[in-house]
Amino acid sequence: MFKYSIITFIFGDYECLHEVGETDPNVEYICVTDNKNLKSDTWKIIVDDELEGKGVFDKCFSVRYNPFKYCSTDICVRVDGSIKIHKPINHIVEKFIQSGDDVCFLIHPYRDNIPVEYQVWNMFRNFPKEKALQHLSIFQSLGYDFNKKGFIQLNFSIIKRNKINNDINTLTYYFQKLFGNENDIDRLDQTTITVILDRFFPDIKVFGVSESILHSEYMTWCGHNSNNEINFNMDAMIKTPHLNGKEIIYQDLID
């Protein structure tokens, strides 16, 4: 029996497959893809024909928000295809399990305000301004306070197989479909899930980690479809991280 699962996903050749450096026989490594020719020495490759006909990001989110369709364990580490795993991350998974927290999320290291995140996506990632206004309008209608500091970055997370995580996943996927169009789902989901936690799950216990975990001996965050590491400035990280106005402690930085 595996102790936990790690799941990644690659669709539309948006990412290259990063083989795991040092695997743990007690860990399940799963890659869901639409590439029937993809082979791996370290990942179990799954081609899910039920995802056929969906857009690339809808395929990605169909896996991100339904990981236990593929995982055999009750603990799932979700990593984007841009993450290269060098060695087992048992220490952080075990620490998360022992904490009793509901979910582990990476807190955005440089920005702690949701409206500012939309400005950045508009300027540097061609995210349409009208789409940003749609998101913000719906968040406002839900009663979200935009003065609250902190939000989630979703390229790494750990979740348990339980009702609260299933409900969070279902709601987030629903809103991303609502924000999307007939061709594909909306791709900016880290702001959405942050608002959902605040509005629908205010008492959820979050095990917060920092982006430094993705620039360590354990993992590397690479640029899309490359092996080049994303720039990271630990000194520039927000010194007192928050999530929806509540102070968060970076658990991965505690011995």
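Put simply, the side chain of K95 gets close to the backbone of I254: a donor and an acceptor are under 3.5 Å apart. Side-chain atoms of K148 never come within 3.5 Å of backbone atoms of L243 as a donor-acceptor pair (strictly under, hydrogens ignored). With K36 contributing its side chain and V47 its backbone, the two residues share no donor-acceptor pair below 3.5 Å. Under the 3.5 Å distance criterion, the side-chain polar atoms of D184 are left unmatched by any main-chain donor or acceptor of K54.
Applying the 6.0 Å contact sphere to CG of L142 captures more than 12 heavy atoms from other residues, nucleotides or ligands. Under a cut-off of 6.0 angstrom, the local environment of CG in N231 is sparse, with at most 12 non-hydrogen atoms contributed by other residues, nucleotides or ligands.
Between the OH atom in Y29 and the OG atom in S40 there is a gap of 11.5 Å [rounded to 0.5 Å]. The CD1 atom of I204 lies 10.5 Å from the CG atom of N244; values are rounded to the nearest 0.5 Å. To the nearest 0.5 Å, atom CD1 of residue I85 and atom OG1 of residue T23 are 10.5 Å apart. For the atom pair S210 OG and Q251 CD, the distance stands at 10.5 Å (nearest 0.5 Å). Once rounded to the nearest 0.5 Å, the distance linking CG of D189 with OG1 of T172 reads 7.5 Å. Taken to the nearest 0.5 Å, the CD1 atom of I159 stands 11.0 Å off from the SG atom of C104.
Salt-bridge formation is not detected for the pair D74/K160: no Lys NZ or Arg NE/NH1/NH2 atom is positioned less than 4.0 Å from an Asp or Glu carboxylate oxygen. Salt-bridge formation is detected for the pair K69/E50: a Lys NZ or Arg NE/NH1/NH2 atom is positioned less than 4.0 Å from an Asp or Glu carboxylate oxygen. Using a cut-off of 4.0 Å between Lys/Arg side-chain N and Asp/Glu carboxylate O, D186 and K177 are scored as not salt-bridged. Salt bridge D80/R64: present, at least one basic N to carboxylate O contact under 4.0 Å. With respect to K59 and D48, no salt bridge is recorded, no charged nitrogen being found less than 4.0 Å from a carboxylate O.
Remark: K149 pairs with no residue by the salt bridge (charged side-chain N to carboxylate O under 4.0 Å, His left out) rule, at least two apart or across chains. Evaluation of the side chain to side chain contact (heavy atoms under 4.5 Å, CB included) rule for T8 yields C31, W43, V79 as partners, not counting sequence neighbours.
Ring pair Y118/F127 is tilted by interplanar angle, where 30° to 60° counts as tilted.
Q176 and T192 share a donor-acceptor pair across their side chains, judged by distance under 3.5 Å alone. At a cut-off of 3.5 Å, with distance as the only test, a side-chain donor of S5 or T73 sits close to an acceptor on the other residue. Side-chain contact, T220 with H86: a donor N or O sits under 3.5 Å from an acceptor N or O. With no hydrogens or angles considered, a side-chain donor-acceptor pair links S72 and E28 at under 3.5 Å. Residues N166 and N169 have side chains that never bring a donor and an acceptor to within less than 3.5 angstrom of each other.
E15 is listed as a side-chain neighbour of H224, based on a closest heavy-atom distance under 4.5 Å. By the 4.5 Å heavy-atom criterion applied to side chains, T33 and F9 are not counted as neighbours. Considering only heavy atoms from C-beta on, N228 stays 4.5 Å or farther from C222 through its side chain. Looking at heavy atoms from C-beta onward, I164 lies in side-chain contact with F201 at the 4.5 angstrom threshold. Proximity of L51 to F11: side-chain heavy atoms (C-beta onward) are separated by under 4.5 Å at one or more points. The shortest side-chain heavy-atom distance between N90 and V27 falls under the 4.5 Å cut-off. Side-chain contact between I158 and I75 is present, with at least one heavy-atom pair separated by less than 4.5 Å. With contacts defined as side-chain heavy-atom distances shorter than 4.5 Å, the pair D167/K163 qualifies.
Annotation: F207 is in aromatic contact with F96 [ring centroid separation under 6.0 Å]. Aromatic ring centroids of H135 and Y144 lie 6.0 Å or more apart. Here the two rings, on H108 and F151, have centers that are under 6.0 Å apart.
Of all the heavy atoms in D13 and N225, the pair that sits closest is O-ND2, 3.9 Å. Nearest approach of L253 to S212, heavy atoms of both residues: CD2-OG, 3.4 Å. Closest non-hydrogen pair, N122 versus P128, comes out as ND2-C, 4.2 Å. Across all non-hydrogen atoms, the minimal contact from P241 to I107 is CB-CG2, 4.3 Å. Residue V120 comes nearest to R111 through the heavy atom pair CG2-CD, 3.6 Å, listed as atom of the first residue, atom of the second, then distance. A pairwise comparison of heavy atoms in A236 and Y110 identifies O-CD2, 3.7 Å as the closest pair.
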Worked check of side chain to side chain contact (heavy atoms under 4.5 Å, CB included) between L106 and L154: CA-CA 7 Å; L106 192 155; L154 276 169; over 6 Å; no
Quick one, Y173 with D58, criterion side-chain hydrogen bond (donor to acceptor under 3.5 Å, both in side chains). Give me CA distance, side-chain angles, the key distance, then yes/no. CA-CA 9 Å; Y173 183 80; D58 198 351; 2.6 Å; yes
Between Y14 and F57, does the ring-ring contact (aromatic ring centres under 6.0 Å, His included) criterion hold? Intermediate values first, please. CA-CA 10 Å; Y14 189 67; F57 286 103; 5.7 Å; yes
Dump the intermediate steps for salt bridge (Lys or Arg N to Asp or Glu O under 4.0 Å) on K205 and D101, then the final yes or no. CA-CA 5 Å; K205 294 180 291 184; D101 290 341; 5.2 Å; no
Is there a side chain to side chain contact (heavy atoms under 4.5 Å, CB included) between T194 and F139 once you walk through the steps? CA-CA 10 Å; T194 301; F139 296 160; over 6 Å; no
Pair L171-F175, side chain to side chain contact (heavy atoms under 4.5 Å, CB included): steps then yes or no: CA-CA 6 Å; L171 270 176; F175 274 100; 4.2 Å; yes
Should I213 and I89 be marked as a side chain to side chain contact (heavy atoms under 4.5 Å, CB included) after you check the CA-CA gap, both sets of side-chain angles, and the distance that decides it? CA-CA 10 Å; I213 198 172; I89 56 171; 6.0 Å; no
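Hydrophobic cluster membership is shared by I193 and W121, with clusters built from Ile, Leu, Val, Met, Phe, Trp and Tyr side chains linked at under 4.5 angstrom. V195 and L178 fall within the same hydrophobic cluster, where Ile, Leu, Val, Met, Phe, Trp and Tyr residues are linked whenever their side-chain heavy atoms come under 4.5 Å apart, directly or through other members. Following chains of ILVMFWY side-chain contacts shorter than 4.5 Å, one cannot reach Y65 starting from I46, and the two form parts of different hydrophobic clusters. Cluster membership for F68 and Y70, using ILVMFWY side-chain heavy atoms within less than 4.5 angstrom, is not shared. Cluster membership for L136 and I152, using ILVMFWY side-chain heavy atoms within less than 4.5 angstrom, is shared.
Residue pairs meeting the salt bridge (charged side-chain N to carboxylate O under 4.0 Å, His left out) criterion with at least one member in residues 216-235, sequence neighbours excluded: K87-E217.
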